[in-house]
Amino acid sequence: MSTLRSWLSIPRGSHFSLANIPFGIISTASSKTPRVAVAIGDHALDLEVFAANNGFSALSTIQPHQAVFSQPTLNAFAALGRPIHSVVRKYIQNVFVEDTPYPEVLKTNPSLQKQAIYPLKEVQTHLPFKIGDYADFYAGLNHAYNVGVLFRGPANALQPNYKHLPVGYHGRASSVVVSGTPIRRPNGQILENPAAEKKVPSFSPCRKLDIELELGAFVCKANNMGEPISIGEAEESLFGVVLMNDWSARDIQAWEYVPLGPFNAKNFGTTISAWVVLAESLEPFLAKGLENDSELLPYLREEKTENVYDIKLQVDLKTKSGNSATLSKTSSRNLLWSFPQMLTHHSVTGCPMQVGDLLGSGTISGLEPSERGSLLEQNGNGKTSIKLTGGEERKFLEDGDEITITGVCGSDEGALVGFGECVGRIEPALKL
């Protein structure tokens, strides 16, 4: 697509070009009440103020629904459906494009510009959705294989079900937080010597605190209990995508996960990026994911062969002393399952999905060590160390460490579709 140029100054290389228009929730010093906004370049457009001042005067479709922009979450806007999301996005693009057909709305309206446009550095972002339920999947084939090799060896690395269904577990929605929220190191039961004849755990702060490089997708269409979402309907039921870091306490997980899977090792914190990139914005970057050599059951077969996004992902670590390292650079093409497949499988039993439900992709890793999305994979469960600037080393995260995940689509510096940052810093465990 040709680069859209704006009358508003948008820096080259911005994640929030006119090709994007991601939605989020903001508050400001002058108005502490959270409300809906979009990010454009280095600025946020306050859609509550914009709507209240006839900003949508040339878009009759949204006028009966303008109250959604005064809500403290995106749930009400998302529930309007993908066709509405699309026309609102395109209208905002047209308002900001250099030769806008609606100059009087904002371009030649300095009063509304002053009221509704804020520098991003001056806004506070909030969790974009009220999340009722959160399911985390395991769709990163390379990650699943690498971890399987560590604990079961190459012959049994993948469980027999892995290529037949999107494996997942129910996460904890109440501990999903927006980028920038500190994460406290958890306490829990740890088996210090797995080789001991008598297995007796100790209680201590987590010593193997890890990251998981993921994407998250939000549901925008509910289904009735007992009525599954078909694979053909699933795409229209997804609002948009965020970056995700599903923090993991590996030593707590190793002791607790048999026989029912992750629990306390995952429930203490999941960080997501603040701006939700609409599925429509990501459509130009759909690509083929990893090849599945198993024949899928009919309910999981998609017509599209290009069903995952080509997002360039990067993970960086900075210590409290300022030393740093890039831990991983990879692509979200390293997924075996798509979000529509995850949603379809989740609901195939008739499970009722709700607007605002969150689906996690699972850890995304490439084939090379530099492309792995968790420390567990990179260091062989603590066998080696990662070198940082300044001579520091890490096996797992220490207190004060800050993780930043970034993700961006495209190569045209004037038309990038990106997510901004997903940031979390580790705080010391409470003494119990």
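Nothing here was measured: the structure is a model prediction, and the numbers come from that model. Keep in mind that the numbers below use all heavy atoms, side chains included, and drop hydrogens, waters and symmetry copies.
For the pair Arg35 and Ser70, the minimum side-chain heavy-atom distance is 4.5 Å or more. For the pair Arg185 and Asp399, the minimum side-chain heavy-atom distance is below 4.5 Å. In this structure the side chain of Arg301 reaches within 4.5 angstrom of the side chain of Glu295, judged on heavy atoms. In this structure, Leu300 and Pro166 have side chains that are in contact, with non-hydrogen atoms separated by less than 4.5 Å. Put simply, the side chain of Leu238 reaches to within 4.5 Å of the side chain of Leu359, judged on heavy atoms. Leu317 is not listed as a side-chain neighbour of Glu402, based on a closest heavy-atom distance of 4.5 Å or more. A heavy-atom distance below 4.5 Å is not found between the side chains of Leu74 and Phe69. With contacts defined as side-chain heavy-atom distances shorter than 4.5 Å, the pair Phe56/Leu47 qualifies.
Side-chain N/O atoms of Lys208 and Asn381 include a donor and acceptor closer than 3.5 Å. Side-chain contact check for Gln63 and Ser60: no donor-acceptor pair (N or O, by modelled atom type) lies under 3.5 Å.
Test Phe218, Phe239, Tyr91 against His85 for ring-ring contact (aromatic ring centres under 6.0 Å, His included) and you get one pass: Phe239. Considering Thr406, Thr404, Thr326 in turn, Thr326 is the only one that fulfils the side-chain hydrogen bond (donor to acceptor under 3.5 Å, both in side chains) rule with Asp316. Test Phe16, Phe129, Phe77 against Phe23 for ring-ring contact (aromatic ring centres under 6.0 Å, His included) and you get one pass: Phe77.
Within a 6.0 Å radius of CZ in Phe263, no more than 12 heavy atoms belonging to other residues, nucleotides or ligands are found.
Residues Lys107 and Glu98 are not paired through a salt bridge, judged by the lack of any N-O separation under 4.0 Å between the basic side chain and the carboxylate. Salt-bridge check for Glu283 with Arg82: passed, with a basic side-chain N closer than 4.0 Å to an acidic carboxylate O. Note on Lys320 versus Glu398: no salt bridge recorded, every NZ/NE/NH1/NH2 to OD/OE distance being 4.0 Å or above. Look at Asp401 and Lys318 and you find no salt bridge, because none of the NZ, NE, NH1 or NH2 atoms lies under 4.0 Å from a carboxylate O. Glu427 and Arg184 are joined by a salt bridge, as a carboxylate oxygen and a charged side-chain nitrogen come within less than 4.0 angstrom of each other. Note on Asp293 versus Lys163: salt bridge recorded, some NZ/NE/NH1/NH2 to OD/OE distance being below 4.0 Å. With respect to the salt-bridge test (charged N to carboxylate O, under 4.0 angstrom), the residues Glu212 and Arg250 qualify.
Note that CG of Leu327 and CG of Leu213 are 10.0 Å apart. Values are rounded to the nearest 0.5 Å.
The shortest non-hydrogen separation linking Gly373 to Ser365 is N-OG, 2.8 Å. The nearest pair of heavy atoms linking Leu127 to Ile25 is O-CG1, 4.0 Å. The minimum heavy-atom distance between Asp133 and Asp357, with the atom names listed, is N-OD1, 3.2 Å. The two residues Ser338 and Asn307 have their closest heavy-atom pair at CB-O, 3.2 Å.
The closest donor-acceptor contact from the side chain of Gln93 to the backbone of Leu18 lies under 3.5 Å. With hydrogens and angles ignored, the 3.5 Å screen pairs a side-chain donor or acceptor of Asp210 with a backbone N or O of Leu375.
Ring geometry for Tyr138 against Tyr162 counts as perpendicular: the plane angle is over 60°, on a 0 to 90° scale with 30° as the lower cut.
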